[in-house]
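One structure below.
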Amino acid sequence: MADEPASEVQLLRKHKAQLIDILSADADFVLQHADSRCLLSSHGYQQVKACRIPSEKVTELLDHVIQRSPEAAQGFLQLLKEQSLQETFPLLEFVKDLQVTTLSSDGGLLNRCGLRKGDHLCRTEDMDSDRVPLSDLSESLIDHSEGQRFLNETVKIIVEEVLQKGTDVKEKVCEWKAPEELALLLDLELRSTGEPEERLLQRVKDVAKYSVKTCHPHFFNQQFAGVDYHSLSGRFLSEALNTNLFTYEVAPVFILMESEVLRAMRRLVGWTEGDGLFCPGGSSSNMYAMNLARHRHFPDVKTRGLFGLPRLAVFTSPESHYSVKKGAAFLGIGTDNVVLVKVDEGGRMVPSDLNEKIMLTKSQGAVPFLVSCTSGTTVQGAFDPLDQIADICEKHKIWMHIDAAWGGSVLFSKQHRHLMKGVDRADSVAWNPHKMLSAGLQCSVLLLKDTSNLLKQCHSASATYLFQQDKFYDINLDVGDKSVQCSRKVDCLKLWLMWKAVGSEGLERRVDKAFLHVRYLVEQMKKRDGFTLLREPEFVNVCFWYIPPSLRGKEGNTDYQKKLAQVAPTIKERMMKQGTMMLGYQPLGNRVNFFRVVVLSPLVCQKDMDWFLDEIERLGKDL
Ligand SMILES: Cc1ncc(COP(=O)(O)O)c(C=O)c1O
């Protein structure tokens, strides 16, 4: 309630345009008087003072006073009535006629007492003994027309600033600012009173302006990029409906929809039955798999905890995602018990080494319970050989999980799904449509072959207030007890709407096109001096060093690697400060910093690939 604007605030807002006209005749004069009465914070004073144009200075001053507190607004109105101000600005005469009643500290309550559209405050007679106005209970706290107008304006800004400018190659990918400068520009502090609409809309614009445009065709930084308009509409719709995917009664549409999307994804894996869940990201999907694998081997762990368990061991490759280690730490397995299996030169797990390490671990008294292999490793985009790994998992009776968070979308492509040959032999698959399919963050699934309701056995807590057993509909639809979360966002709609819009064939085309772009990019790199591939890409990750002219032919020099390691960070700093593009780099094993470009956005065209290479050359030619 304290956040409601006070009546003085309303008066200032109502007469703002008129006050700007009048006070702009001597903006500094009014600022000094306001400051001498401590109506501004010191930061606010500096901000107002920094405005050069008088009308902007007065606007900033009024906005600051309005948003600071009802007391500041009240003090400002009193100031305007003072003789010195009245003499300097004769047109301020009208202020004297404004009837202002001093507010109590809960000015917000008074304000709702008929003051929204008028200038005069109601009096305390309208209030009951608890100082709550009787009329207050009959009114909603939300003004729909005001709220919807704001929403419409916000959507306009989103379309113009994020979706039009944000995808225009002539515009910047990011508007780099140092953190201190950005914090100052954004004025992030939260205050006791609300702000006027125009100020808030300016804030919406600022958020858009200073945020990275991940939809921009020159954003190659991460494994999410671009925009899909159907998926985005789905995201807006699920946000507006704001429901919780735990019971059929609150999310009837989405319970059925989630089940259908999971079924369709399982079909791509090659399973005609099974289970699954949308999870908050691939890391969580991987952790779920780890927990389920342990539960299948040791169901008592749910009730008895880790007490009495043997040492457990997980097997994965050093190029797998770090969430495997995080999961081991989180679930009490321990990162020391994550056994790293050798990879070949392409970053793929070596099955013979897996077998040897499992045997060795067993001989040391530990219990191997999970192999977490990867389809599409984060840096190199490698696909572990699933069929051979499945043979080993079957032999040792170990749960086989595939982290296909990145590469899973190849399952849409007839041409490329061979990369995941053997996927149907896994026990679980994690897959992030928010990555290669541009479904929007977050959209991640865990798919399970299990038909024994393992998810529920492992995670249920049977809360009687939510999952009543005597409901009037099929309680199997209340899927909420399968997850470790209580509240769970609706992540299926964005994928479902996009899939409906373009069909499996449309999604297949996107996957195939990304591969074609990569092939083109690699061909062009080979035609230019200075681009050295780490290896031929297996997927849509292209890992390469840019060798600037000064280092070419100097491979034998002792400081070559040291100098090469500095190239990528320097180019990255330049590209970000100029805002022209975003691209990631990293070292890997004994290989010094190299770039990883991931090409997945459906907005990218061939000319963006050419531009990309030109830009790297431009940014690095003098190094
Ligand atoms: C192979 C792989 N697995 C898992 C993840 C984690 O996914 P999320 O960021 O959704 O937690 C990533 C993310 O980069 C990944 O590349």
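In this text the structure is predicted, and so the values were computed from the model without any measurement. All ligand and atom numbering here is 1-based and tracks the order in the structure.
- We find that Arg263 and Glu273 are not joined by a salt bridge, their nearest charged nitrogen and carboxylate oxygen being 4.0 Å or further apart.
- Geometrically, ligand 1 and Ser283 share a nitrogen or oxygen pair separated by less than 3.5 Å.
- By the neighbour-count criterion of 12 heavy atoms within 6.0 Å, atom CG of Asp387 is densely surrounded, having more than that number from other residues, nucleotides or ligands.
- Residue-level proximity to ligand 1 for Thr377 is absent, since no heavy atom of it falls below 4.0 angstrom.
- Of all atoms in ligand 1, numbered sequentially from 1 with element shown, those under 4.0 Å from a heavy atom of Gly282 are 7 (O), 8 (P), 10 (O), 11 (O).
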Please evaluate residues Val567 and Trp545 with respect to the criterion side-chain contact (heavy atoms from CB on, under 4.5 Å), reporting the C-alpha separation (whole Å), side-chain torsions for both, the decisive distance (0.1 Å), and the verdict. CA-CA 8 Å; Val567 173; Trp545 286 281; over 6 Å; no

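- Residue Gln442 does not touch ligand 1, judged by heavy-atom distances below 4.0 Å.
- Among the candidates Lys302, His297, His295, the single residue satisfying the side-chain contact (heavy atoms from CB on, under 4.5 Å) test with Pro299 is His295.
- Evaluation of the side chain to side chain donor-acceptor pair (under 3.5 Å) rule for Ser320 yields Thr316 as partners, not counting sequence neighbours.
- Below 30°, between 30° and 60°, or above 60°: for Phe539 and Phe515 the angle between ring planes is between 30° and 60°, a tilted geometry.
- For Val484, the side chain to side chain contact (heavy atoms under 4.5 Å, CB included) partners two or more places apart in sequence, or in a different chain, are Tyr288, His459.
- In terms of protein heavy-atom proximity, atom 6 (C) of ligand 1 is nearest to His321 CE1, 3.3 Å.
- Contact between Gln222 and ligand 1 is absent, with no heavy atom of the residue lying under 4.0 Å from the ligand.
- At under 3.5 Å, a nitrogen or oxygen of Lys435, whether backbone or side chain, sits near a nitrogen or oxygen of ligand 1.
- A salt bridge links Arg488 with Glu258: at least one charged nitrogen is closer than 4.0 Å to a carboxylate oxygen.
- Put simply, part of Gly376 is less than 4.0 Å from ligand 1, judged by heavy atoms.
- What sits closest to atom 14 (O) of ligand 1 on the protein, heavy atoms only, is Gln223 OE1, 2.8 Å.
- In Ala405, the part holding a heavy atom less than 4.0 Å from any atom of ligand 1 is the side chain.
- Which parts of ligand 1 touch Gly281 is read off a 4.0 Å heavy-atom cut-off, strictly below it: atoms 10 (O), 11 (O).
- Using cut-offs of 30° and 60° for the angle between ring planes, the His218 and His216 rings count as tilted.
- Residue-ligand proximity: Asp403 is placed with a non-hydrogen atom under 4.0 Å from ligand 1.
- Near Thr378, meaning under 4.0 Å from one of its heavy atoms, ligand 1 places the atoms 1 (C), 2 (C), 14 (O), 15 (C), 16 (O).
- The distance from ligand 1 to the heavy atoms of His434 drops below 4.0 Å at these ligand atoms: 10 (O).
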